[in-house]
Amino acid sequence: MGRKITIIGAGNVGATIAYTLSLGNIASNLVLIDVNRDKVEGEVMDIVQGTSFREPISVIVGEYEDAADSDIVIITSGIGRKPGQSRIELAQTNVNILKAITPQIVAVAPHALYVIVSNPVDIMTYAFTKLSGLPENQIIGSGTILDTARLRVSLSNHFQVAQKNIHAYVFGEHGDTSLIPWSCADISGCKLEDFEKMMMDRKAVEAPVNREDVLRYVQKSGGEIIAKKGATYYAVSASVNKICNILVAAYDSVATVSSMMHGEYGIEDVCVSTLTMVGPDGVKGKIPVPMTEEEIAKLQASANALKAVIKGLDI
């Protein structure tokens, strides 16, 4: 069954998300909203001209009133990172943009599920939660779902095993304070260290995983891509497309998305990513997987770093 999805922001990320969604079967109606009218009209024309190769789909340039009855609203608005810039440096500027957007979209789509993609995504998810007044279950930050994908790419390359067999996650901020809870990582049901030993005994790999290098790859990939090509959008779009699939599925799934913490791991009143149950009714809650004391401390430090930024913002 087709659904209506509105995307606010038709920059590199928003437009690529729209294009990705136009290729699939999640939506029968796509609405793109952007302050740059020429840009969004051009993006819609380009996308629509490729839809003759699929079942009919409506893709339009819209205003906020056109988002009425949306099932999902995806917010990508804001300035993007420049080479060498951290996500956190965008905070106040993008929060100000969100403050202008929020009342307009919530007024016409109060029952939609909201996927926040704009960076710094954890702070933007927190700000949208506070500004919108919507139930928290309706608000999902894209969080570390992309970071988790980057982690699995790295481990897949090391072990030469399919990414779908790797169950390892990135928690915390979508940014420089993220962490990998290695104690939770497994490959096809085998604890990572046991799988690693087996592969080394078989001479299938020459060395164990360098965990510091993997974390560096996870945290710095986005900046490296921006330095090389100016922006990241393909993998971001695939990640958001995955979230949308989860939100329209028959059953709940588990994903590392950002949502409000309520005492999990001793963390309150901040949005970070941990394993989260998500489905057609939005966020169902966090899954408290056991972690080591060191991992919990790193997660708390990540949350506290975000809180320190939030404290200095005008939300």
Side-chain angles (χ1 to χ4, degrees), residues 4-18 21 29-44 59-82 85-136 138-143 174-175 231 233 236-237 240 243-244 257-260 269-271 282 306-307 309-315:
K4 183 174 182 178
I5 299 179
T6 293
I7 301 167
I8 302 177
N12 288 322
V13 172
T16 308
I17 291 170
L21 288 170
N29 293 273
L30 288 175
V31 179
L32 274 70
I33 300 173
D34 196 284
V35 293
N36 186 337
R37 189 76 181 188
D38 284 345
K39 174 70 160 60
V40 69
E41 286 180 351
E43 295 291 0
V44 167
V59 186
I60 68 165
V61 177
E63 303 295 342
Y64 284 102
E65 56 265 27
D66 297 305
D69 301 319
S70 291
D71 297 287
I72 298 171
V73 174
I74 301 168
I75 298 179
T76 73
S77 298
I79 60 169
R81 277 202 293 165
K82 296 179 175 64
Q85 189 177 35
S86 75
R87 297 176 183 88
I88 293 298
E89 292 177 69
L90 309 176
Q92 188 62 67
T93 299
N94 284 355
V95 165
N96 290 344
I97 294 170
L98 190 66
K99 287 164 75 173
I101 290 169
T102 301
Q104 298 183 77
I105 187 62
V106 170
V108 297
H111 304 298
L113 297 174
Y114 283 80
V115 180
I116 312 302
V117 184
S118 308
N119 274 319
V121 68
D122 303 290
I123 289 171
M124 296 291 277
T125 304
Y126 179 88
F128 184 80
T129 302
K130 297 298 184 181
L131 292 166
S132 69
L134 294 174
E136 290 179 8
Q138 292 178 229
I139 304 165
I140 304 103
S142 57
H174 173 52
Y233 38 90
V236 178
S237 175
V240 174
I243 293 172
C244 290
V257 294
S258 188
S259 61
M260 192 69 74
D269 195 38
V270 67
C271 293
L306 288 168
K307 283 186 171 185
V309 175
I310 290 169
K311 188 176 181 180
L313 295 176
D314 176 23
I315 296 178

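All values below were derived from every heavy atom in this structure, side-chain atoms included, with hydrogens, water molecules and symmetry-related copies excluded.
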Which atom of [X] lies closest to which atom of [Y], heavy atoms considered:
X: Met124; Y: Val95; value: SD-N, 3.8 Å
X: Ser77; Y: Ser118; value: O-OG, 2.5 Å
X: Ala67; Y: Ala109; value: O-CB, 3.8 Å
X: Cys271; Y: Thr129; value: SG-OG1, 4.5 Å

**Asked** How would you list all residue pairs meeting salt bridge (Lys or Arg N to Asp or Glu O under 4.0 Å) that involve residues 113-132, not counting sequence neighbours?
**Response** Lys130-Asp269
Under 3.5 Å, is there a donor-acceptor pair between the side chain of [X] and the main chain of [Y]?
X: Ser70; Y: Ala112; answer: no
X: Ser132; Y: Pro103; answer: no
X: Lys39; Y: Ala10; answer: yes
X: Gln138; Y: Pro110; answer: yes
X: Lys99; Y: Ala127; answer: no
X: Ser237; Y: Thr16; answer: yes

Could you tell me if the side chain of [Y] sits less than 4.5 Å from the side chain of [X], heavy atoms only?
X: Tyr64; Y: Ile101; answer: yes
X: Ile33; Y: Val40; answer: no
X: Asn96; Y: Gln92; answer: yes
X: Ser259; Y: Thr125; answer: no
X: Val106; Y: Leu134; answer: yes
X: Ile123; Y: Ile310; answer: yes

Could you grab the distance from atom [atom1] of [X] to atom [atom2] of [Y], nearest 0.5 Å is fine?
X: Tyr233; Y: Thr76; atom1: OH; atom2: OG1; result: 14.0 Å
X: Tyr126; Y: Ile315; atom1: OH; atom2: CD1; result: 6.0 Å
X: Asp69; Y: Thr6; atom1: CG; atom2: OG1; result: 10.0 Å
X: Ile105; Y: Ile75; atom1: CD1; atom2: CD1; result: 7.0 Å

**Asked** Quick one: which of Val117, Leu30, Ile140, Ile243 gives a side-chain contact (heavy atoms from CB on, under 4.5 Å) with Ile74?
**Response** Val117
**Message:** Tell me which one of Leu32, Asp38, Asn36 satisfies side-chain contact (heavy atoms from CB on, under 4.5 Å) with Asp34.
**Reply:** Asn36
**Message:** Apply side chain to side chain contact (heavy atoms under 4.5 Å, CB included) to residues Val309 and Leu306 and explain how you reach the verdict.
**Reply:** CA-CA 5 Å; Val309 175; Leu306 288 168; 5.8 Å; no
**Request:** Any chance you could lay out the side chain to side chain contact (heavy atoms under 4.5 Å, CB included) test for Tyr114 and Thr102, step after step, and finish with the verdict?
**Result:** CA-CA 11 Å; Tyr114 283 80; Thr102 301; over 6 Å; no
